[in-house]
Amino acid sequence: MRLIPIFTWNKTVRKFGDSTRKLSNAPWFQGVLLLFCVIVAMLLANLPATRTLYKDFLETAVQIHFSSPDGKIDILFPRDMTIEKFINDILMVFFFFTVGLEIKREIADGELSSTKKAMLPVIAAFGGVVAPALIFTLINHGTAAASGWGIPTATDIAFAVCIMSVLGDKVPISLKVFLTALAIADDLIAILVVALFYGGAINLGLLAIALGIVVITLILRRLGEKRMLPYLLLAVMVWILFYYSGIHATMSGVVMAFLIPVKPRYNKAYFFHKRAMYNARIDGWEKHISPTAFPNGPQRHYLRELTKINNGTMDMSYRVEHALSPWVNFLIMPIFALANAGVEITDPSYFNVFHVDPVLGGAGMGVFLGLLLGKPVGITLASWLAIKCKVGEMPDKATWKMLFAVACLGGIGFTMSIFVDTLSFSDQPLDVMVKMRDAGKIAVLLGSLCSGILGTILIQIFHRKER
């Protein structure tokens with residue numbers, strides 16, 4: 001009688017696992033998960049019972065302490081590391097690494113692989129960066145908030161894809177591809193913005209050593225090294241050197257992503273030769289087994305060898321991206337949202353994004369208008385110029401109205417915008433910096449929410465008219 005509940009339990013577990021996998025593969029799931037984490041983070045940061053605990057937890061030191069009994073050696077590594085910095089400086093390296101792999105894949109064989117494919121989304125991405133930056137600068141020029149111009153320049157593809165998947169066929173496929181390619185180009189521009197404008201004082205000596213390791217990595221790739229371990233060790237060394245050199249440590253992930261080999265270990269002819277050989281050996285052992293005993297010991301060995309050949313036929317770049325993507329999308333990014341979206345509302349003026357202080361400026365207003373107005377106007381205007389100058393082509397079955405509506409979704413700037421916000425205003429006193437960063441995060445959330453709503457409404461309206 002005990003077999004029945006055990007069987008029922010196992011069947012329930014299998015169904016739950018299948019449902020979870022299907023749910024995680026849904027294009028809207030990541031956006032919903034991030035939104036849930038934002039809500040949780042805001043509650044943790046503002047509920048009296050959890051406010052202090054949440055803040056103290058993020059400020060907890062995370063360091064390895066090396067010391068000798070005589071006290072002559074006393075080393076803390078990494079320097080000034082807290083849980084919040086661990087998330088932003090270490091976990092987010094994996095996010096930037098996968099972004100770099102995605103950009104490289106699209107450049108090699110994707111929506112950015114040819115001049116004809118790439119020109120329109122790349123030019124539109126530049127427009128979607130320049131216009132929000134100009135709006136922010138016009139509002140905050142000469143104030144303490146001026147250095148935050150990079151906050152509203154990024155597009156978060158997770159939320160945009162979530163909304164487009166919910167809207168279904170109301171958005172032409174060509175415009176979905178256009179926005180995806182634009183977001184990829186936008187990520188590359190955002191990476192350059194962080195690297196060039198949001199690092200600290202640069203230690204040229206450590207940077208030179210890091211560049212030397214990059215050169216060694218290039219030589220290894222040139223020599224045909226296909227094993228993952230050497231690249232992993234070099235990546236750790238580059239991260240450490242970037243962390244202490246003044247360049248933001250997450251940039252090491254992007255650098256190493258572009259250095260990962262794209263050629264597989266085994267070519268097509270070798271794969272088919274080995275596959276035929278191992279299949280023949282598996283068939284040869286068939287007569288030595290009973291009908292219910294497949295596979296036997298030798299067959300297991302050949303099946304393992306087939307697995308190695310299959311993995312080696314796919315390039316390292318693809319294998320690493322495929323392995324990391326679930327962890328980045330469903331663990332690292334939600335953790336980032338939980339750690340960075342929790343803004344303690346000590347000042348109600350945070351929600352008044354149109355408030356401008358004569359000295360501190362209007363960081364919230366610049367971010368909000370940059371996302372809500374700057375993004376769609378910049379993307380649409382740059383696309384119009386590219387098409388009129390015949391350096392780009394209008395997406396198939398798309399209209400200017402629908403392109404503008406989709407461009408509004410480009411104003412959803414959650415992940416990268418909040419990340420840039422955590423790096424901004426470091427030249428200000430601590431209390432001012434915290435206040436401006438909190439105001440910026442609220443503006444990012446409100447601007448992204450309004451951009452998503454506006455884009456969705458416009459797509460619905462224009463779709464009805466086109467029908």
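Residues L218 and R221 have side chains in contact (heavy-atom distance under 4.5 Å, counting atoms from C-beta outward). P334 places none of its side-chain heavy atoms less than 4.5 Å from the side chain of F36. Put simply, the side chain of S317 reaches to within 4.5 Å of the side chain of K104, judged on heavy atoms. You'll find the side chain of T422 stays beyond 4.5 Å of the side chain of E84, heavy atoms only. Between E102 and R105 there is a side-chain heavy-atom pair separated by less than 4.5 Å. Under the 4.5 Å side-chain criterion, counting only non-hydrogen atoms from C-beta, P395 is not in contact with V177. Side-chain contact between M42 and I442 is present, with heavy atoms from C-beta onward closer than 4.5 Å. With contacts defined as side-chain heavy-atom distances shorter than 4.5 Å, the pair L454/L372 qualifies.
I216 CD1 to L234 CG: the interatomic distance, rounded to the nearest 0.5 Å, is 7.0 Å.
Side-chain atoms of N329 come within 3.5 Å of backbone N or O of S325 as a donor-acceptor pair. Here the side chain of Y231 pairs a donor or acceptor atom with the backbone of E225 at under 3.5 angstrom. A donor-acceptor pair under 3.5 Å is formed between the side chain of W239 and the backbone N or O of D89. Side chain of T153 to main chain of V129: no donor-acceptor pair is present (N/O by atom type, distance under 3.5 Å, no hydrogens or angles).
A salt bridge is absent between K55 and E344; no separation between the charged side-chain nitrogens and carboxylate oxygens falls under 4.0 Å.
The number of heavy-atom neighbours closer than 6.0 Å to CZ of F126, taken from other residues, nucleotides and ligands shown, is 12 or below. Residue-environment remark: CG (L138) exceeds the threshold of 12 foreign heavy atoms within 6.0 Å. Shown here is F271, whose CZ atom has more than 12 heavy atoms of other residues, nucleotides or ligands within 6.0 Å.
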Distance-only check: which donor-acceptor pairs under 3.5 Å involve side-chain atoms of residues 404-421, not counting sequence neighbours?
| unit_1 | atom_1 | unit_2 | atom_2 | d |
| --- | --- | --- | --- | --- |
| T415 | OG1 | D156 | OD2 | 2.4 |
| S417 | OG | I151 | O | 2.8 |
| S417 | OG | G413 | O | 2.5 |

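Of all non-hydrogen atoms in L43 and T50, the two that sit nearest each other are O-OG1, 3.6 Å.
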